[in-house]
Amino acid sequence: MNLIMAMLMISTALSLLLALVSFWLPQMTPDAEKLSPYECGFDPLGSARLPFSLRFFLVAILFLLFDLEIALLLPLPWGNQLPDPTYTLTWTTIVLALLTLGLIYEWLQGGLEWAE
């Protein structure tokens, strides 16, 4: 019980120390870019009807797709502990092959080329 209390006190003290340091360390020199709520390069006070590049959207969708793929593969180590893990490994292989084929298709279609 003594060790648990010591670990709780150390972790609490370290967390508070790091939180306080994070408020004191950053430079407090805000400029127009830091105060802007958007990171996409558009003027936040301008018209909302500006044309939007589809490439930004494509990169965001691809990021979400591969992020979802990682979330789907997270339970794989527990699936290998089953009495017959071939079913799990088969579905994993199918998911990875499908995503790889999709990535190759996007690459060959030129969807990943930023500059033309």
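Values reported hereafter were calculated over all heavy atoms of this structure, with side chains retained and with hydrogens, waters and symmetry mates removed.
With Thr86 as the fixed residue, the side-chain contact (heavy atoms from CB on, under 4.5 Å) test singles out one of Thr88, Leu89, Asp84: Asp84.
Among residues two or more places apart in sequence or in another chain, the side-chain contact (heavy atoms from CB on, under 4.5 Å) test is passed with Leu98 by none. Partners of Ile94 according to the side-chain contact (heavy atoms from CB on, under 4.5 Å) rule, which considers only residues two or more places apart in sequence or in another chain, are Thr90, Trp91. Not counting sequence neighbours, Asn2 has no partner by the side-chain hydrogen bond (donor to acceptor under 3.5 Å, both in side chains) test.
Leu108 belongs to a hydrophobic cluster whose remaining members, ordered by chain and number, are Ile104; membership requires side-chain heavy atoms of ILVMFWY residues under 4.5 Å apart, directly or through intermediates. Other members of a hydrophobic cluster containing Leu82 are absent, since no ILVMFWY side chain comes under 4.5 Å of it, directly or through relayed contacts.
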Show me the side-chain donor-acceptor pairs of residues 6-14 shorter than 3.5 Å, one per line, residues at least two apart or across chains.
unit_1 : atom_1 : unit_2 : atom_2 : d
Ser11  : OG     : Met7   : O      : 3.0
Ser11  : OG     : Leu8   : O      : 3.0
Thr12  : OG1    : Leu8   : O      : 2.7

Exercise answer: donor-acceptor pairs, residues 61-78 side-chain atoms, under 3.5 Å, sequence neighbours excluded:
none

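Among residues at least two apart or in separate chains, there is no side-chain hydrogen bond (donor to acceptor under 3.5 Å, both in side chains) pair with a member in residues 92-108.
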